[in-house]
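The block underneath contains the structure these notes are about, expressed in structure tokens.
It should be emphasised that the depicted structure is a prediction, and the values quoted were computed from it without experimental measurement. Order of the sequence lines fixes the chain letters, A, B, ..., with proteins taken first and strands second; residue numbering starts at 1 for each chain.
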Amino acid sequence: NAGVTQTPKFRILKIGQSMTLQCTQDMNHNYMYWYRQDPGMGLKLIYYSVGAGITDKGEVPNGYNVSRSTTEDFPLRLELAAPSQTSVYFCASSYRQGGANTEAFFGQGTRLTVV
Amino acid sequence: GIQVEQSPPDLILQEGANSTLRCNFSDSVNNLQWFHQNPWGQLINLFYIPSGTKQNGRLSATTVATERYSLLYISSSQTTDSGVYFCAGVNTGGFKTIFGAGTRLFVKA
């Protein structure tokens, strides 16, 4: 059971480039999340999804896009990379049923540097 | 609004000491979790504790949901306990997991 898998682990982008951060989970969780963590700070929610085909904005969505075509996958897209997007990105998943959430599980993170 | 507040922000311990970390959360938050982020950045699930008390080795956690706080106890601390401890809660609607700012712990040998 792999849990939540993120790729790549590290990436350097030039300003204006685009890229997609991949996230997949094999726990059949309906909820998935993308967070960013700036140095010395906590995690801030970028986007989340409550199921295939349903996504919504979190606290800091500007500059990002997401899609959820399957239960397993939740990619995060950066269209025009900016230095302010230098951060560590975490994907997470959890399960909600009957009004209760299970614990959230996190991937290993993607360290992105924009130069 | 949704609020998760942690204290203290920083903590330095001598190896072998005990400590208590606190997490206060607002009325719109429930389903508390505690995580440890190790020096390599990995987030490790410690406890999923909406209410009550749980123990796992030298760590234990208590959440008093009616009073909107949770405590993480670390006993006989070790250098490998160093890192950042986060608490996180789910908003009442159930869609978002929101994190506190964390407690940075350094355990000296």
(message) I want to check something: taking the side chain as every heavy atom from C-beta on, are B:F86 and A:Q37 in contact at a cut-off of under 4.5 Å?
(response)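 Yes, side chains in contact.
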(request) Indicate if B:Y85 and B:L11 have the same hydrophobic cluster label, given that clusters are the connected sets of ILVMFWY residues with side-chain heavy-atom separations under 4.5 angstrom. (result) yes
(request) Treating Ile, Leu, Val, Met, Phe, Trp and Tyr as nodes and any side-chain heavy-atom pair under 4.5 angstrom as an edge, say whether A:V4 and A:M32 lie in one connected cluster. (result) no
(request) Pick one of side chain, backbone, both or neither for A:L43, based on which atoms fall under 4.5 Å of a heavy atom in chain B. (result)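 Both backbone and side chain.
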[X], [atom1] atom: more than 12 neighbouring heavy atoms under 6.0 Å:
| X | atom1 | value |
| --- | --- | --- |
| B:I12 | CD1 | no |
| B:R104 | CZ | yes |
| A:I12 | CD1 | no |

(message) B:F99 vs A:F106, test: ring-ring contact (aromatic ring centres under 6.0 Å, His included). Steps then yes/no.
(response) CA-CA 13 Å; B:F99 280 73; A:F106 282 76; 5.6 Å; yes
(request) Sequence neighbours left out, what passes ring pair (Phe, Tyr, Trp, His ring centres under 6.0 Å) with A:Y64? Give chain and number order. (result)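 Ring pair (Phe, Tyr, Trp, His ring centres under 6.0 Å) check on A:Y64 returns A:Y89.
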(message) Give me each pair satisfying salt bridge (charged side-chain N to carboxylate O under 4.0 Å, His left out) with a member in residues 46-59 of chain A, each pair once, sequence neighbours excluded.
(response)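 Qualifying pairs, neighbours excluded: none.
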Quick one: pull up [atom1] in [X] and [atom2] in [Y] and give me the separation to the nearest 0.5 Å.
| X | Y | atom1 | atom2 | answer |
| --- | --- | --- | --- | --- |
| B:Q33 | A:F105 | CD | CZ | 7.5 Å |
| B:I98 | A:Y35 | CD1 | OH | 6.0 Å |
| B:T97 | A:E103 | OG1 | CD | 11.0 Å |

(request) Select one option (side chain, backbone, both, neither) describing which atoms of B:F35 are under 4.5 Å from chain A's heavy atoms. (result)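 Side chain only.
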(request) Examine whether an atom of B:Q37 lies under 4.5 Å from a heavy atom of chain A, and if so say whether it belongs to the side chain, the backbone or both; otherwise answer neither. (result)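 For B:Q37, the contact with chain A is made by the side chain alone.
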(message) Can you tell me which of B:N45, B:V84, B:L32 forms the most heavy-atom pairs within a distance under 4.5 Å of chain A?
(response) B:N45
(message) Just so I understand: if I count every heavy-atom pair under 4.5 Å between each of A:S49, A:A104, A:G58, A:G40 and chain B, which residue has the most?
(response)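 Among A:S49, A:A104, A:G58, A:G40, the one with the most close pairs to chain B is A:A104.
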